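Worksheet: one structure, shown below.
Small disclaimer: the values here were computed from a predicted structure and weren't measured.
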Amino acid sequence: MGWKTSTIIINKPALSDHQTLLADLGFTKLKQSEAELFEVAMYPKNGEVYIGSYQDKLIICVEELPMQIIETENSAIEEKLIQQFPDAEICAIVLHSVVNLWGYAIIKNGQKIRARAGSSDGGTFLDTGEPLEEEKALLSKARFDENGDRVYWLDDFPDEPFQEDQVGENFVFSVCKRYFHQELDTADELLFETRLTGYSYGRVVQKSRSNPTQGPSKPWWKFW
């Protein structure tokens, strides 16, 4: 079974009312729906957002917005989250392993310190910042081929080279360990015991210095 997630993680945030926070982030016409376990909420449908806490982390699962944080400099949602949580570390992750789409970004002290993303079609199309500690074990298994692309030799498959889009899922799992103290695919308490409150919404109104009021548009990477 392929893994899918579209999630924002806020590490040790200031306390806030979740519905008020979503409204402040630009979600309109909020209507509460059923709570779901994280294994379901981690990849919401269009027009759904899930929010809740796990340990000392705030988790928001919503389609499209995490990729805007990963791919775009100073996106509207990124600016709003920094304004709301100036002292918290913010992480956005996306994963759709059926089509090998993967990505993550880390914001610390209001600055994006690391962002990586790739897909089977586009290869690794984003790689900025210094490697995280959580990435180094996997990166150490890579060698550059004649085209300058990383090829990975994994312990479980010593005779089979992997392209970077094939290990993107592994990188996302490893980055999650930074916040959940274990990789995403082994975080049973988070996946199967943690419920997030669900809301339907009309659209997300985004206001920033570079973007006037707008709703989310369909980005080029939204191909499935």
- List the steps and the verdict of ring-ring contact (aromatic ring centres under 6.0 Å, His included) for Y199 and F27. CA-CA 10 Å; Y199 295 91; F27 290 85; 9.2 Å; no
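Taking 4.5 Å as the limit, every side-chain heavy atom of R116 sits out of range of all side-chain heavy atoms of L126. Looking at heavy atoms from C-beta onward, M42 lies in side-chain contact with L184 at the 4.5 angstrom threshold.
Shortest non-hydrogen contact noted between A117 and M67 is CB-CE, 4.1 Å.
Put simply, the side chain of T194 never gets that close to the backbone of L191: no donor and acceptor are under 3.5 Å apart. A donor-acceptor pair under 3.5 Å is absent between the side-chain atoms of E79 and the main chain of A76, judged by distance alone. D145 places a side-chain N or O within donor-acceptor distance of the main-chain N or O of N147, the cut-off being under 3.5 Å. At distances below 3.5 Å, at least one donor-acceptor pair connects side-chain atoms of S140 with backbone N or O atoms of A137. Panel note: side chain S6, backbone Y43; no donor-acceptor pair is recorded below 3.5 Å. A donor-acceptor contact shorter than 3.5 Å is absent between the side chain of S120 and the backbone of N100. S53 contributes no side-chain N or O that, together with a main-chain N or O of L58, makes up a donor-acceptor pair within less than 3.5 Å. The backbone N or O of N170 lies less than 3.5 Å from a partner atom in the side chain of S174, making a donor-acceptor pair.
Between the side chains of T124 and E164, at least one donor-acceptor pair of N or O atoms lies under 3.5 Å. Side-chain contact, E169 with S97: a donor N or O sits under 3.5 Å from an acceptor N or O. Side-chain contact of E48 with Y201: a donor-acceptor pair under 3.5 Å is absent, judged by distance alone.
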Please tabulate, one pair per line, all N/O donor-acceptor pairs under 3.5 Å involving side-chain atoms of residues 12-20, not counting sequence neighbours.
unit_1, atom_1, unit_2, atom_2, d
D17, OD2, Q19, N, 3.4
D17, OD2, T20, N, 2.8
D17, OD2, T20, OG1, 2.8

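Test V204, I77, V205 against L25 for side-chain contact (heavy atoms from CB on, under 4.5 Å) and you get one pass: I77. Considering E134, Q55, E89 in turn, E89 is the only one that fulfils the side chain to side chain donor-acceptor pair (under 3.5 Å) rule with Y179.
Residues Y54 and F38 place their aromatic rings such that the two centres sit no closer than 6.0 Å. For W3 and F173, the ring centers are positioned less than 6.0 Å apart. In summary, the aromatic rings of F171 and Y152 are positioned with their centroids under 6.0 Å apart.
With respect to the salt-bridge test (charged N to carboxylate O, under 4.0 angstrom), the residues K112 and E78 qualify.
Interatomic distance, I8 CD1 to L65 CG, rounded to the nearest 0.5 Å: 6.0 Å. Summarising the geometry, atom CD belonging to E133 is positioned 10.5 Å from atom NZ belonging to K177; distances are rounded to the nearest 0.5 Å.
Cluster partners of W153 are V151, counting Ile, Leu, Val, Met, Phe, Trp and Tyr whose side-chain heavy atoms approach within less than 4.5 Å, directly or via other members.
Within 6.0 Å of the CD atom in E160, the count of heavy atoms belonging to other residues, nucleotides or ligands exceeds 12.
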